[in-house]
**Q** 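Before anything else, here's the structure in question.
Everything numeric here is computed off the predicted structure, so don't read it as measured data. Values reported hereafter were calculated over all heavy atoms of this structure, with side chains retained and with hydrogens, waters and symmetry mates removed.
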Amino acid sequence: MTWEKSPTMLRIFVSDNGNGIAPEDIHHIFKRFYRSKHSLDTPGIGLGLPLAKSIIEGQGGLISVQSDLHRGTTFTISFLTKS
């Protein structure tokens, strides 16, 4: 986890060096109950990321994701700061 702050924005980065997210899944991971065919051997029902997105957006933030298959994933959480 890392973070950076500018005069207008706070950004939090949550990264791993895991398997990454397949390109065909990246646009679906924030949908409720979505489970990639690549993650069927991992426990879960597909609610964690949609819940995180809902909480972050409820606080006026945004969450985005970048992933490289077999190299890792970074989630970026962004909030505008008051000036």
Side-chain angles (χ1 to χ4, degrees):
M1 251 177 101
T2 59
W3 64 278
E4 65 182 33
K5 186 176 181 187
S6 71
T8 59
M9 185 170 291
L10 170 67
R11 295 191 319 168
I12 302 166
F13 305 96
V14 181
S15 300
D16 69 24
N17 57 357
N19 291 331
I21 301 168
E24 65 267 18
D25 293 323
I26 203 85
H27 299 288
H28 304 287
I29 62 169
F30 293 110
K31 294 178 183 173
R32 285 189 324 165
F33 305 114
Y34 181 78
R35 297 277 296 164
S36 168
K37 65 181 177 184
H38 304 288
S39 67
L40 296 179
D41 60 344
T42 305
I45 58 172
L47 288 177
L49 289 173
L51 180 59
K53 182 176 191 259
S54 177
I55 292 168
I56 291 163
E57 289 179 349
Q59 297 297 313
L62 296 172
I63 185 170
S64 61
V65 62
Q66 288 186 308
S67 188
D68 292 318
L69 204 54
H70 308 296
R71 297 189 72 194
T73 301
T74 300
F75 288 91
T76 304
I77 303 164
S78 304
F79 293 98
L80 292 175
T81 57
K82 297 179 182 178
S83 22

**Q** Look at atom CG of Asn19 and say whether more than 12 heavy atoms of other residues, nucleotides or ligands are closer to it than 6.0 Å.
**A** no
**Q** Taking CD in Glu57 as the centre, count heavy atoms belonging to other residues, nucleotides or ligands within less than 6.0 Å. Is the count above 12?
**A** yes
**Q** Going from NE2 on His27 to CD1 on Ile21, what distance comes out if it is rounded to the nearest 0.5 angstrom?
**A** 11.0 Å
**Q** Just checking Glu24: does its CD atom have more than 12 heavy atoms from other residues, nucleotides or ligands closer to it than 6.0 angstrom?
**A** yes
**Q** Between Leu49 and Ile29, what is the shortest heavy-atom contact and its length?
**A** CB-O, 3.6 Å
**Q** Closest approach of Thr81 and Met9, non-hydrogen atoms and distance?
**A** OG1-N, 3.4 Å
**Q** For the NE2 atom on His28, are there more than 12 heavy atoms of other groups (residues, nucleotides or ligands in this structure) within a distance under 6.0 Å?
**A** yes
**Q** Are the side chain of Asp16 and the backbone of Thr73 linked by a donor-acceptor contact shorter than 3.5 Å?
**A** yes
**Q** Between Phe79 and Met1, is there shared hydrophobic-cluster membership here, with clusters defined by ILVMFWY side-chain heavy atoms closer than 4.5 Å?
**A** yes
**Q** Assess the residue pair Phe30 and Val65 against the criterion (side-chain contact (heavy atoms from CB on, under 4.5 Å)); give the C-alpha distance rounded to whole Å, side-chain angles, the decisive distance to 0.1 Å, and a yes or no.
**A** CA-CA 10 Å; Phe30 293 110; Val65 62; 4.1 Å; yes
**Q** Is a side-chain N or O of Arg11 found less than 3.5 angstrom from the main chain of Ser6, in a donor-acceptor match?
**A** no
**Q** Do the side chains of Ile56 and Leu10 join up, straight or via other hydrophobic residues, at under 4.5 Å, putting them in one cluster?
**A** yes
**Q** How long is the span from the CG atom in Leu80 to the OG1 atom in Thr8, to the nearest 0.5 Å?
**A** 7.0 Å
**Q** If you round to the nearest 0.5 Å, how far is CD1 of Ile26 from OG of Ser67?
**A** 5.0 Å
**Q** From Arg32 CZ over to Leu51 CG, what is the distance, rounded to the nearest 0.5 angstrom?
**A** 10.5 Å
**Q** Heavy atoms only: give me the nearest Phe13-Thr76 pair and the separation to one decimal.
**A** CD2-OG1, 3.4 Å
**Q** Which distance, rounded to the nearest 0.5 Å, do you find between the CZ of Arg71 and the OG of Ser15?
**A** 12.5 Å
**Q** Please round to the nearest 0.5 Å and tell me the distance separating atom NZ of Lys53 and atom CD1 of Ile63.
**A** 9.0 Å
